Structures are given as C-alpha cells and as structure tokens.
Amino acid sequence: MNGTTGMNENPFDLLPEVLLAASAVLGLLLGAWLPRRRQWLTGALAIAACTVGIVAAAIAAAGPVETAFGDSFALDTLTATSRIVILGAALLVLALAMPRLHADPRETEFYVLLQLASAGALTMAGAQDLLLLASGYLLASVPAYALAGFRKDGPGTEAALKFYVVGALLGVVMLAGITVLLAAGRATSYPTLRTALTEAPPGLVATGTLALLAGVLFKAGAVPGHFWVPDAVQGSSAPVAAFLTTVPKIGALAAFYRLAAVPLADADVPWADLVAVLSVASMTLGNLAAFFQQDVKRLLAYSTISQVGYLLLPVAVAGRTDFGQVALLYYLAGYVLTNLGAFAVLCALPGAHTIDDYRGLARAHPALLASLVVCLLGLVGTPPTAVFLGKLEAFSAVFDGGYAWLAVVAAVNTVASLFYYLRWIAPAFLSRGPVGDPSAMTGSAAVVAYGAATGSVVLGLLGGTVPDVLGGPLAR
C-alpha cells in the first residue's frame with residue numbers, strides 16, 4: 001500500500017514491537033501478584049514474545065517492501081533482519097539471566113526492562129521518520145540505564161551514572177539535530193527529506209546531521225560516543241553487559257545505514273568521509289585500548305568498540321554499492337552470536353574476572369575453552385566463523401564503493417586485534433595458578449556458550465546462501 005495514503009495504519013505491521021511492549025506491560029502486572037519463586041513466569045512470557053516475534057518477522061520478510069503508518073516505519077529486508085537478530089539476541093540474554101535471577105526480589109523488573117530496551121532497538125531499526133527515531137532512542141536508552149545499575153552495588157551505580165550522563169547529553173544533542181534538520185527540510189520523513197535537503201543550505205544540513213549522528217553513535221558505542229562503554233560493561237552484571245554490547249548496536253547501526261541511504265543520500269554533505277573517519281577511529285582506539293587490559297569484561301568492552309568500527313564500513317558506502325546492506329546485516333548476525341558466546345563464557349565462570357583467572361581452563365573445562373577460542377578468534381575474523389565472512393563482505397563493499405584505503409586500514413587493525421585475544425586464550429592452556437579458580441561452572445550459561453559458538457561456525461559455513469536473502473531495496 002502506498003505510504004502517502006495514510007491508510008496503512010495496521011498494528012499487525014508492527015507485530016514484533018507490539019508483542020514485546022505488551023509482554024512487558026503484562027509481565028509487570030503479573031510480577032506484582034506472583035510469589036517470588038513464580039516470577040520466572042514473566043521471563044517465560046518474555047521468551048514467548050521474542051519467539052513469536054521472530055516468527056512474525058520471518059513471515060513479514062517474505063512480503064512486499066512497503067511502509068507502515070504513513071512513511072514512518074519501513075517494512076523491508078533491513079527491518080526484518082534486524083528484528084530477527086535483535087529478538088534472537090534478547091533470547092540468548094534471557095537464557096543467560098534467568099538462572100541467575102531465579103527468586104530474586106526484582107526478577108520481573110529485569111525482564112520488563114530488557115524487553116522495553118529491545119523494543120526501542122526494534123523501533124530504531126525500522127524508523128523512517130526522525131521523530132520515531134528519537135522515540136526509539138529514548139525507549140532503548142532509559143531502560144538500559146536501569147539495567148546497568150540493576151545490582152545496586154558501587155560499580156553498577158557508577159556504570160549507570162556514566163551511561164546516563166553521556167546518553168542524556170548526546171540525546172539532547174540528537175534532538176537539537178532533528179530540530180535543525182526539520183528547519184532545513186521542513187519535514188521529518190526520510191523520503192521527503194531526501195529531496196528537501198538537496199535544496200537546503202549545506203551548512204544547516206551539516207550541522208543537523210552531525211548533531212543527529214551524535215545520538216546514533218552513542219547507541220552504537222562508536223567514537224566519539226564510546227566513553228560509557230568500558231565502565232558500563234565492567235560495572236554491570238555479565239548478562240547486562242552482553243545485552244548492552246549487542247542489542248542497542250543492532251538498532252543503531254540499522255538506523256545509521258537507513259539514514260545514510262535515504263535522507264542523506266543526495267545531500268551536499270560529505271557524510272561518507274565522516275563515517276570512514278569514525279570507522280577508523282573506532283577500530284583503532286578500541287584495539288589500542290584493549291591491548292593491555294587485564295579485566296576480561298573491560299577487554300570485551302573495548303573489543304566491541306573496535307567491532308563497531310568494522311561494522312561502520314558498509315555504512316560508509318551505503319547507496320554506493322549493492323554489497324553494503326548484505327555486508328552489514330550478515331556481519332551483525334555473526335557479531336551477535338560470537339560476542340554473546342564470549343559473554344556466555346563469562347557468565348559460566350562467575351568467579352573469573354581477569355585473564356589470569358582463566359589459567360587451567362583447558363584442563364578443567366575443555367569444551368568451554370573451545371567455545372571461548374571459537375568466539376574470540378571469531379571476533380578477529382578467523383574462518384569458518386560468521387564474522388570472517390562478515391568482514392570479507394564489508395571489505396568487498398568498501399572496495400566496490402571506492403574506499404579501498406579503508407579496507408586496508410581495517411585489515412591492519414584486524415591483524416593487530418589478534419594480540420589481545422591471544423593474551424586471553426594463552427593462560428588457559430597453562431597449569432592452574434593461584435589467582436583464579438575455573439573449576440566452578442554455571443551449566444546453563446555454558447550451554448549458551450556452546451550453542452553460540454556452534455551457531456557462529458554454522459552461520460559461517462552457510463555464508464554462501466544466507467547473504468542471498470539479505471539484499472533487496474529499502475522502503476522509500
């Protein structure tokens with residue numbers, strides 16, 4: 001149906017988002033009445049909402065490319081794939097969190113916050129209007145602040161405070177950018193802005209674009225909006241850290257790609273060069289900062305900053321090559337599996353906080369170490385994991401889009417990142433030392449680690465067929 005008719009206001013077009021929101025509200029009501037040891041039912045409800053949402057997104061993916069609620073929400077491959085990846089990531093995080101939260105006085109609140117933040121990421125991924133993008137940003141951010149400080153201890157409170165301060169600041173800057181772009185283009189709808197921004201003053205467009213991207217870069221954890229990442233990841237619990245480094249990034253990067261490919265595509269602003277610079281800065285800063293980290297959560301935090309740098313490669317060439325969208329979506333799916341697998345190992349070994357604490361893991365839990373090796377080397381981009389093919393697709397996209405130098409810089413950073421991942425793996429093969437005790441393992445988290453590592457390899461082996469379904473035009 002044509003998005004300009006105003007007759008496409010069908011709530012079923014937003015079924016995954018509606019399911020998450022409804023499950024969160026219903027779960028909050030149930031949690032007020034259920035006894036403490038039955039709070040897990042709200043978690044089961046969240047799992048059901050995510051599962052049905054994945055099915056609904058897969059069915060919608062087979063439909064035509066269109067928009068919902070005017071031109072506000074896009075229904076295309078970018079939205080459908082982002083929905084599946086976000087909801088799949090939320091399922092894995094729920095699997096990590098539920099055993100740890102069983103009978104916790106605030107168990108229900110955790111599930112509600114996680115679902116609301118995931119719904120915000122879904123909204124950002126499909127938003128085709130600046131006002132809806134801002135709404136998704138707020139919905140993805142506010143519950144995440146509470147999740148970061150959920151434990152109410154010193155590190156968690158510090159993590160939540162830093163996360164909130166940076167998010168509030170860049171959120172205000174983002175809203176200011178939307179106001180400037182509204183003044184420049186006289187609209188907030190992406191298709192309308194694409195035409196209007198070409199006739200607007202370039203200085204006004206550049207100012208609004210920079211301010212708008214500040215909020216998107218914050219959610220993605222990219223330079224210069226990355227300051228919150230190390231402290232928030234280190235100070236929060238492992239399941240929350242796993243969530244913060246995956247789900248918001250998916251929504252933000254999908255939103256960034258859509259912004260680059262639709263409203264900014266014809267604007268007289270060198271946004272592609274800007275994204276290229278931000279990509280180099282993110283991957284380089286993340287790698288350099290991770291080199292000598294001893295705390296494993298902080299190491300993974302800087303690793304996620306570097307990964308965003310690679311994920312920005314296809315965004316830099318959005319609209320310039322047919323490979324950009326496929327590269328971004330495939331890389332996102334591979335990154336989510338691989339990164340969550342690494343955090344699942346952290347959840348499985350709650351007493352191991354530093355690299356030295358993993359001494360003797362090869363002897364105590366060889367299968368868990370194998371999962372860790374697959375995930376860490378997968379983040380480097382080692383075949384046959386999905387991240388390897390994701391990086392290959394991203395490198396191909398920037399070559400095809402005229403940014404060959406960017407692929408060279410990314411390749412150098414990839415080689416450099418091998419150093420700090422091997423620093424983590426090497427002690428696990430040594431005899432057990434006095435620092436840590438890897439003998440205590442959480443079985444449910446270990447199962448998630450095995451599954452995520454296996455999924456990363458399987459997705460990599462299916463790399464010849466999966467990218468074929470990730471193409472397709474964006475909604476206009």
Side-chain angles (χ1 to χ4, degrees), residues 81 84-85 88-89 91-93 96 242 245-246 249-250 253 283 286-287 290 296 299-300 302-314 323 326-348 358 361-362 366-397 407 410-426 428-429 445-470:
T81 307
I84 293 171
V85 177
L91 278 176
L92 290 177
V93 174
L96 293 174
T245 55
T246 50
K249 292 182 186 299
I250 306 165
L253 288 165
M283 66 178 77
N287 284 333
V296 290
L299 186 151
L300 281 178
Y302 283 113
S303 168
T304 64
I305 295 174
S306 70
Q307 291 295 322
V308 172
Y310 305 123
L311 285 162
L312 285 175
L313 295 178
F323 301 132
V326 174
L328 176 65
L329 294 177
Y330 187 81
Y331 197 159
L332 277 174
Y335 165 73
V336 165
L337 278 172
T338 311
N339 189 64
L340 287 178
F343 273 101
V345 174
L346 269 62
C347 293
Y358 284 76
L361 186 61
L368 191 62
L369 174 61
S371 299
L372 180 64
V373 170
V374 168
C375 291
L376 293 184
L377 294 184
L379 289 172
V380 176
T382 306
T385 60
V387 172
F388 165 71
L389 283 179
K391 283 191 176 180
L392 198 60
E393 294 277 355
F395 291 173
S396 300
V412 172
N413 269 280
T414 296
V415 174
S417 68
L418 184 62
F419 170 75
Y420 59 84
Y421 291 122
L422 290 179
R423 281 188 63 243
W424 185 352
I425 295 172
F429 292 95
V447 171
V448 175
Y450 303 150
T454 303
S456 177
V457 173
V458 170
L459 185 60
L461 294 175
L462 294 175
T465 57
V466 173
D468 294 338
V469 301
L470 300 180

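Computed from a predicted model, the values in this text were never measured in an experiment.
Smallest separation of non-hydrogen atoms from A410 and F395: CB-CE2, 3.4 Å. Residue G334 comes nearest to A386 through the heavy atom pair CA-CB, 3.6 Å, listed as atom of the first residue, atom of the second, then distance. The two atoms that bring T246 and Y335 nearest to each other are CG2-CE2, 4.3 Å, heavy atoms only. The two residues F343 and A242 come nearest to each other via the heavy atoms CB-CB, 3.6 Å. Closest non-hydrogen pair, L379 versus K391, comes out as O-NZ, 3.5 Å. Nearest heavy atom pair, residue L389 against residue G460, reads CD1-O, 3.0 Å.
In this structure, CG on L300 lies 6.5 Å from CG on N339, to the nearest 0.5 angstrom. Between Y421 atom OH and T382 atom OG1 the span is 10.0 Å, to the nearest 0.5 Å. Distance check: L377 CG to T338 OG1 gives 11.0 Å after rounding to the nearest 0.5 Å. Rounding to the nearest 0.5 Å places CD1 of I84 at 13.0 Å from CG of L332.
Y302 has its side chain out of reach of N287: every pair of non-hydrogen atoms, C-beta onward, lies at least 4.5 Å apart. For the pair K249/V308, a side-chain contact is recorded, criterion being any heavy-atom separation below 4.5 Å from C-beta on. Counting only heavy atoms from C-beta outward, the side chains of L313 and M283 approach each other to under 4.5 Å. Between F388 and V380, every side-chain heavy-atom pair lies at or beyond the 4.5 Å cut-off. Looking at F429 and L361, their side chains never come closer than 4.5 Å, going by heavy atoms from C-beta outward. Side-chain contact between V448 and L340 is absent, with no heavy atoms from C-beta onward closer than 4.5 Å. Counting heavy atoms from C-beta on, the side chains of V469 and T81 never come closer than 4.5 Å.
Looking at S396, its side chain does come within 3.5 Å of a backbone N or O of L392 through a donor-acceptor pair.
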Exercise. side-chain hydrogen bond (donor to acceptor under 3.5 Å, both in side chains) between T385 and S456: does it pass, once the steps are laid out?
Worked result: CA-CA 5 Å; T385 60; S456 177; 4.7 Å; no
For this session: Would you sort out whether L253 and L312 count as a side-chain contact (heavy atoms from CB on, under 4.5 Å), showing the intermediate values?
Result: CA-CA 8 Å; L253 288 165; L312 285 175; 3.8 Å; yes
For this session: Check the pair Y310 / N413 against side-chain contact (heavy atoms from CB on, under 4.5 Å), numbers first and verdict last.
Result: CA-CA 9 Å; Y310 305 123; N413 269 280; 3.5 Å; yes
For this session: For L328 and L470, run side-chain contact (heavy atoms from CB on, under 4.5 Å): C-alpha distance rounded to whole Å, both residues' side-chain angles, the deciding distance at 0.1 Å, then the answer.
Result: CA-CA 9 Å; L328 176 65; L470 300 180; over 6 Å; no
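With sequence neighbours excluded, the residues satisfying side chain to side chain contact (heavy atoms under 4.5 Å, CB included) with V296 are L346, I355, Y358, W424. Under the rule for a side chain to side chain contact (heavy atoms under 4.5 Å, CB included), the partners of A445 that lie at least two apart in sequence or sit in another chain are L96, C347, A348, T442.
Around atom OH of Y420, more than 12 heavy atoms belonging to other residues, nucleotides or ligands sit under 6.0 Å away.
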